[in-house]
Protein chains: 2
Amino acid sequence: MAGKRATINDVASLAGVSIATASKALNGRQDVRAATRERVLAAAAELSFQPNALARGLLSGQTRTVGLLTSDSVGRFGIPVLLGAEDAFGAGEMAVLLCDARGDAIREQHHLRALLSRRVDGLIVVGESTNPRPSVSKDLPVPVVYAYGPSEDPSDVSFVPDDVGAAAMAVNHLLALGRRRIAHITGPSHYKAARDREEGFHRALAEAGVAQAGQTMSGVWSQRWGRHAAEMLLMADPGIDAVFCGSDQIAAGFVEGVRERGRRVPDDIAVVGYDNWEVLSTETRPALTTVDMNLEVLGRTAAQHLFAAIDGKATPGIHTLPCQLVIRDSTSPPGVS
Amino acid sequence: MAGKRATINDVASLAGVSIATASKALNGRQDVRAATRERVLAAAAELSFQPNALARGLLSGQTRTVGLLTSDSVGRFGIPVLLGAEDAFGAGEMAVLLCDARGDAIREQHHLRALLSRRVDGLIVVGESTNPRPSVSKDLPVPVVYAYGPSEDPSDVSFVPDDVGAAAMAVNHLLALGRRRIAHITGPSHYKAARDREEGFHRALAEAGVAQAGQTMSGVWSQRWGRHAAEMLLMADPGIDAVFCGSDQIAAGFVEGVRERGRRVPDDIAVVGYDNWEVLSTETRPALTTVDMNLEVLGRTAAQHLFAAIDGKATPGIHTLPCQLVIRDSTSPPGVS
DNA sequence: CTCCTGGACTTAAAGGTTTTCGGAAACGTA
DNA sequence: TACGTTTCCGAAAACCTTTAAGTCCAGGAG
């Protein structure tokens, strides 16, 4: 821990110029002789001068800092968004102030006040699910962009993954493999994600004129439920040849359950998961075909649009971003695996 | 997005007092009559006034903001530390500026400069492994605390989990269950974590006067390696009755491998993992007995000591924090499961 | 009456930077 | 010499808040 930090005043003194000239030299402005600029730069280097962002922000009204407000302690969704945002902002240009409200509205208000008092230039709100959430607050003095979980207010700017389209894509993949008896196991129906994915599932089947195998099985987002669903499904309808699961956790559990009952994946039953959560999708056997929601792209996009909004070019509405089907062994055609 | 924000000047005008009086009233200081304070507070509420943290920081030299510098994109270690830090700082009191260097030294320097120019009060550096890492920089004007990955410089303040002790604890648990032929499967030996855990493993065996079953098997931190190791181990030494794995991923793979070869966990072979990574440790079957490194506690402790260091009470050295053995089904005594 | 005390409030400075505007020097031109 | 132009540099204001120091006044003591 060294002593006091150098100010532009110290730099100016050492270089033998006024503060104004030092400022101009350091910021690469005109109206300063090359030799003088040289001297100032040398002085700044010597003192390892770092401009005080507080003073600068106070004057300009821009802090080059954005707040990221999340409720997703585990970081499943917040982290990719953060990474994407950092990318979009450019290395070191923008800083991100991260707050975790842990699903508590009071805490969220608290964080919100703290962020505003720090004069962030904008705000990204990351939902813990794709369920629409209350708008963070009316009449905020800074623009807000919602990522993953959209705002209830359609005049806000929101970015969500295209769950419907992705589910349809997954089912079309199964249909293309010749599977015709396709079941659907997913999470609780109070999740919009579950409902959207089911909608996509139905749409794709309808377009192909294929009937769903059994009823959609709603449970929880866990491996345990996947295993349990496998038991029930194989009992009730032994003829199924494919399953579209609402999450990788469910898919991983389902694969286990299938194997325990002596059926093979993908030969007997092809399985598609959702999330592309690597620890489950690539490490289990067989590796899971699954939907990647491109959360990093989503985060980057949200950040870019936040930029635009800061510049006064907001793009209100709920924007849907495409997902990607990652094909792995759990849907290999027979004999290929 | 509303118009300009209210300043203390606006509040003072509306309340009909001077700026100084407004400031004193808002900050609960003496020398202001109750009625006057009332008026000021009402005015502030009416304008929804929020003090400008930049101006305050500029004056006081304290920003009530700390930087969290990590290289752990996935958030496996950074997130718990962040949560613990937020806890220690108190809700909304302190803000955390999060930067991810992605293992790149250049990027780290970049972020470091950005953080310093923003005048953070302190810095927490989170390593991606427990391998000692270069000190972030000499003569920084703010205190730095290292979490998870310690600094190479012993005069820095570092907090690391007690891998050696935890491994010994895990092995003692297996010994207490009556297991005597215990093997060790772990990650690459260039990880200090792997070496430390092996050391604890050996120490506990030595203290009990029990010989290790076979040689320590070093691979990578993956399920695939766990499965592979299971094959090799059961081939070479079918008599083993317990395995201590260097990570939950390895343990999960090992359990799969064991089951495929027709042996049972925990009846034939007890398994202990490491990390308590919930998606693996609680969701697999049987649920894994594993070591929890208490990363959230570690983060909170690091944050508390950063506070102390900011107040001039630094505690140099590498501090080792205890881990915790979470006992689950993978080490149940026969017949209990 | 004067002097002092203490309460309630105001003035002004400080913190570090950017920016506008004015000034000074150097130089060329009439 | 007087004047205009260009080039470079400096003084000072502005951003918003906190705080040390100062002002003013009422009331009590002498």
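The structure displayed is predicted, hence computed values, not measured ones.
To the nearest angstrom, P of dG16(C) lies 14 Å from CG of Leu47(A). One interatomic measurement links the two molecules: CZ of Arg37(A) to P of dC8(D), which rounds to 10 Å at whole-angstrom precision. Nucleotide dC16(D) holds its P atom 18 Å from the CZ atom of Arg118(A), rounded to whole Å. dT17(C) atom C1' lies 11 Å from atom CZ of Arg119(B), rounded to whole Å. Rounded to whole angstrom, the span from the CD atom of Gln30(B) across to the C1' atom of dC9(C) amounts to 14 Å. Atom CG of Asp10(A) is separated from atom P of dG16(C) by 8 Å (rounded to the nearest Å). The CD1 atom of Ile8(A) sits 14 Å away from the P atom of dC9(D) (whole-angstrom rounding). Look at CG on Leu26(B): it is 13 Å from C1' on dC16(D), rounded to the nearest Å.
Residues meeting the side chain to side chain donor-acceptor pair (under 3.5 Å) test with Arg39(B), sequence neighbours left out: none.
At least one side-chain nitrogen or oxygen of Thr21(A) sits closer than 4.0 Å to the OP1 or OP2 atom of dG10(D). Between Arg33(B) and dC9(C) there is a side-chain N or O to OP1 or OP2 distance below 4.0 Å. For dT17(D), neither phosphate oxygen OP1 nor OP2 lies less than 4.0 angstrom from any side-chain nitrogen or oxygen of Asn9(B). Distances shorter than 4.0 Å separate none of the side-chain N or O atoms of Ser23(B) from OP1 or OP2 on dT17(D). One finds a side-chain N or O of Arg29(B) lying less than 4.0 angstrom from the OP1 or OP2 phosphate oxygen of dT19(D). Contact annotation: Thr36(A) reaches the phosphate of dC9(D) (side-chain N/O to OP1 or OP2, under 4.0 Å).
Within the nucleic acid shown, Thr7(B) comes within 4.0 Å of sugar-phosphate atoms alone, with no base atom in reach, counting heavy atoms only.
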Would you give me the side-chain donor-acceptor pairs under 3.5 Å for residues 292-309 of chain B, sequence neighbours excluded?
residue   : atom : partner   : partner atom : Å
Asp292(B) : OD1  : Asn294(B) : N            : 2.7
Asp292(B) : OD2  : Asn276(B) : ND2          : 2.8
Asn294(B) : ND2  : Pro322(B) : O            : 3.4
Arg300(B) : NH1  : Asp87(B)  : OD2          : 3.0
Thr301(B) : OG1  : Val297(B) : O            : 2.7
His305(B) : ND1  : Thr315(B) : OG1          : 3.1

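Between Val32(B) and the options Asn27(B), Val40(B), Thr21(B), a side-chain contact (heavy atoms from CB on, under 4.5 Å) holds for only Thr21(B).
Ser48(B) places no side-chain N or O within 3.5 Å of a backbone atom of Ala45(B) that could act as its donor or acceptor partner.
For the segment residues 49-64 of chain A, the set of residues with a heavy atom within less than 4.0 Å of an atom of DNA chain D comprises Leu58(A), Leu59(A), in numerical order.
Annotation for Glu38(A): atom CD does not count as buried by contact number, only 12 or fewer foreign heavy atoms lying within 6.0 Å.
Closest contact between the side chain of Lys24(B) and the listed nucleotides dG10(D), dC8(D), dA21(D) involves dA21(D).
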**Request:** Test Ser151(B) against Asp156(B) for side-chain hydrogen bond (donor to acceptor under 3.5 Å, both in side chains), laying out the working first.
**Result:** CA-CA 6 Å; Ser151(B) 164; Asp156(B) 286 331; 2.6 Å; yes
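A pairwise comparison of heavy atoms in Gly149(A) and Tyr146(A) identifies O-CB, 3.5 Å as the closest pair.
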